[in-house]
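Heads up: the structure comes next, in structure tokens.
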Number of protein chains: 2
Amino acid sequence: MEKQTITIYDVAREAAVSMATVSRVVNGNPNVKPATRKKVLEVIDRLDYRPNAVARGLASKKTTTVGVIIPDVTNVYFSSLARGIDDVASMYKYNIILANSDGNPQKEAQVLNTLLAKQVDGIIFMGNNLTDELRAQFARAKTPIVLAGSVDAKNEVESVHVDYVAAVEEAVADLINHGNKRVAFITGPMSDPINGEYRLKGYKNVLAKHGIEYDPDLVFETDYSYRAGEVLWPALASAKATAAFVGDDELACGVLNGAKDAGVKVPAEFEIITSNNSKLTEIVRPQLSSITQPLYDIGAVSMRFLTKMMNKDDMSSAEKTIELPYGYIKRASTK
Amino acid sequence: MEKQTITIYDVAREAAVSMATVSRVVNGNPNVKPATRKKVLEVIDRLDYRPNAVARGLASKKTTTVGVIIPDVTNVYFSSLARGIDDVASMYKYNIILANSDGNPQKEAQVLNTLLAKQVDGIIFMGNNLTDELRAQFARAKTPIVLAGSVDAKNEVESVHVDYVAAVEEAVADLINHGNKRVAFITGPMSDPINGEYRLKGYKNVLAKHGIEYDPDLVFETDYSYRAGEVLWPALASAKATAAFVGDDELACGVLNGAKDAGVKVPAEFEIITSNNSKLTEIVRPQLSSITQPLYDIGAVSMRFLTKMMNKDDMSSAEKTIELPYGYIKRASTK
DNA sequence: CTGAAAGCGCTAACAG
DNA sequence: CTGTTAGCGCTTTCAG
């Protein structure tokens, strides 16, 4: 019942060379005579030798694995990022340790700790709200970190995302150009700077640009759920909103269905623009017009960025923030 | 610029004890005098010492990380399982290395290899179709493995899932009881035994039980996509189907919308039952009746199962297969 | 209850 | 081009 692990030493003995040589061929070091390389390779194959990555990690101080902190894999927004991350990670021979945090600062801190204990070479963080404590922990850790699809309000840690301000400006401007004077602003928690800072700023900007006064009654802060949107209609109606910008697709589907269930015609009587262009936007009827974000790419670029940071210790020259282009797709929920 | 890592040795020196003692307190070994424990703890705290999990892994031959092979995190079915897995994993102090395989046998084999190289303590595999080669690789590896929400047609590998045969029987029986004589069977690839073997068997069973002849024209093998379902209506119509069992929610949404767009009334003229009860079922109109599977629980139970396997080497007594109960929820897409 | 010492399997100088 | 020799940081007997 023993777990007869065969080691580099076994290979060395069988091939009648030193461990160093075996190590060299395993790591593709060119300084090995083709003949001996061939011999070693044969033995490796015969013995079915598989290098122990843990030992290698201890000796080389590199684990070729990166930690990924995600609020919830079940959320398509984040899982899309995660997919992008994993794809380029494996492209660069890295593996991903995935940990759900529920956006809970306590869990995030805890997870970050075990990730560091496991000696990950880098970390990708997705989270709505970067607390000061966490930022401090990041600073202390000498491990490269990048925020994916998230922002650091204080801009201290590197990140990749889209220009949320501009995206919202464009969306809301469209709504206003359709004649809407009262456009609702519906998002998740304002504690997330994406909502409370950038998107809101964009919203206010366009309003000002069009000489419309900002009315707090048109701002709805909810959580990111279908249900939250579904029950929102009465409130929207009494606020006399005739259109809405929504910060999340699931939430938008709820708003849409809530309105429809109340007999409201979309887009004739009420227009909706959502933010993530996930599959949901095409599944509901009418299909939702949406800001488009290159979710997969944000993940992919984040990981690519991280690989660069993990290679050179000198990143001083590079920008801390990478902004990817957003877009807009018109569907049937707007005129 | 140096990465001043502080080790167990530093702690030992500062606390004026041996490494062994430090190790004991770190690992909660009771054989330490409270006084010395306290002293060590203080030093650990003062030095901000964090045990190196890699070194620990090498010495103890346990990494407290398990590998998770998933077709695509972006798919809600699988990400739900993954969430369940991660939650109980972290409950047991394990971390997850998550790797996407796209259900591609080659990638699966490759990923499995690197997972083993990284000395994971166990593996959870989600995949549609377990090839013989992979099964062989599993057998060779001395690492515990369990299939989550997936089946091994040959029943050699431990797994947890629902009774697919019975679930489909129930769903289709319901449709037949509503007077439907021609019920379509729409699923993803038949190469997945869940579809080609279990579900299809369930479908045929009920048909037989109700004296209805099996008609291959009513069987639609597509891929798991919204689009695939959307374009299916013409074929369904010409096959004279009046109801359908669908093996995937996204696919079902496509079928539903395709039918609706063709002016078909659901459920009056066409009934639909889908299989995974994901959020999608509640977002479309009419909402979809669905078989319910405890996805999160399947993941959670799989991981729990795995922890048991990782602890005792003796698993001979236990069942290889854990079957979780499925359910059925009636919504508006059936009469 | 505590310490000494031998590795875990591999990489990385450093010689040659 | 190849071998020797130290470790990497921690766990784990084995003594005492």
Side-chain angles (χ1 to χ4, degrees), chain A residues 2-41 43-44 47-65 93 114 116-121 142, chain B residues 2-41 43-44 47-65 93 114 116-121 142:
Chain A
E2 75 304 16
K3 190 157 174 173
Q4 191 57 16
T5 26
I6 78 111
T7 77
I8 197 175
Y9 177 74
D10 300 315
V11 177
R13 185 168 29 71
E14 285 291 311
V17 297
S18 72
M19 291 165 52
T21 299
V22 177
S23 177
R24 288 195 186 91
V25 348
V26 167
N27 294 298
N29 184 317
N31 292 23
V32 180
K33 186 164 39 164
T36 57
R37 173 187 306 281
K38 183 156 172 292
K39 184 172 56 177
V40 172
L41 250 15
V43 176
I44 286 181
L47 266 45
D48 194 27
Y49 167 68
R50 177 189 292 132
N52 180 323
V54 174
R56 193 194 297 228
L58 182 57
S60 69
K61 297 182 167 307
K62 288 191 184 323
T63 53
T64 63
T65 108
K93 307 294 183 196
T114 93
L116 293 175
K118 295 218 168 165
Q119 312 298 119
V120 294
D121 297 336
K142 296 302 182 194
Chain B
E2 76 303 17
K3 190 157 174 173
Q4 191 56 15
T5 26
I6 78 113
T7 76
I8 196 175
Y9 177 73
D10 300 314
V11 177
R13 185 169 29 71
E14 285 292 311
V17 297
S18 71
M19 293 166 50
T21 299
V22 177
S23 177
R24 289 196 186 90
V25 347
V26 166
N27 294 298
N29 184 317
N31 292 24
V32 180
K33 187 163 37 162
T36 56
R37 173 186 306 281
K38 182 157 173 293
K39 184 173 55 177
V40 172
L41 250 15
V43 176
I44 286 180
L47 266 45
D48 194 27
Y49 166 68
R50 176 189 294 131
N52 179 323
V54 175
R56 194 195 295 230
L58 183 57
S60 69
K61 297 181 166 307
K62 288 190 184 322
T63 53
T64 63
T65 108
K93 309 295 184 195
T114 94
L116 293 174
K118 295 219 169 164
Q119 313 298 120
V120 294
D121 296 336
K142 296 303 183 194

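Letters A, B, ... mirror the listed sequences (proteins, then strands); counts begin at 1.
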- Say whether, by atom type as modelled, one donor and one acceptor occur between the side chain of A/Thr63 and the main chain of A/Gln119 under 3.5 angstrom. yes
Sorted by chain and residue number, the side-chain hydrogen bond (donor to acceptor under 3.5 Å, both in side chains) partners of A/Ser23 (sequence neighbours excluded) come out as A/Asn27
From CG of A/Asn31 across to C1' of C/dA12 the rounded distance in Å is 13 Å
Residues passing the side-chain hydrogen bond (donor to acceptor under 3.5 Å, both in side chains) test with A/Thr64, sequence neighbours excluded, are B/Lys118
For A/Lys62, the side chain to side chain contact (heavy atoms under 4.5 Å, CB included) test, sequence neighbours excluded, returns A/Ser60, A/Asp121
With sugar-phosphate taken as primed atoms, P, OP1 and OP2 and all else as base, the protein-contact string of nucleotides 8-16 of chain D at under 4.0 Å (heavy atoms; B, S, -) is BBBBB----
Side-chain N or O of A/Thr21 closer than 4.0 Å to phosphate OP1/OP2 of D/dT2: no
Residues at least two apart in sequence or cross-chain that pass side chain to side chain contact (heavy atoms under 4.5 Å, CB included) with A/Ala59, listed by chain then number, are none
For A/Arg13, the salt bridge (charged side-chain N to carboxylate O under 4.0 Å, His left out) test, sequence neighbours excluded, returns A/Asp10
Here the side-chain hydrogen bond (donor to acceptor under 3.5 Å, both in side chains) pairs for residues 28-40 of chain B, sequence neighbours left out, are B/Lys38-B/Glu42
From NZ of B/Lys118 across to P of C/dC8 the rounded distance in Å is 23 Å
Contacts of A/Thr65 meeting side-chain hydrogen bond (donor to acceptor under 3.5 Å, both in side chains) (sequence neighbours excluded), chain-then-number -> none
To the nearest angstrom, the CG-P distance between A/Asn29 and C/dC10 comes to 17 Å
Angle separating the five-pair end axes of the helix from C/dC1-D/dG16 to C/dG16-D/dC1, nearest 10°, is 30°
Atom CZ of A/Arg37 and atom C1' of D/dG3 are separated, to the nearest Å, by 17 Å
Here the distance between atom C1' of C/dC10 and atom CD of B/Gln119, to the nearest Å, is 12 Å
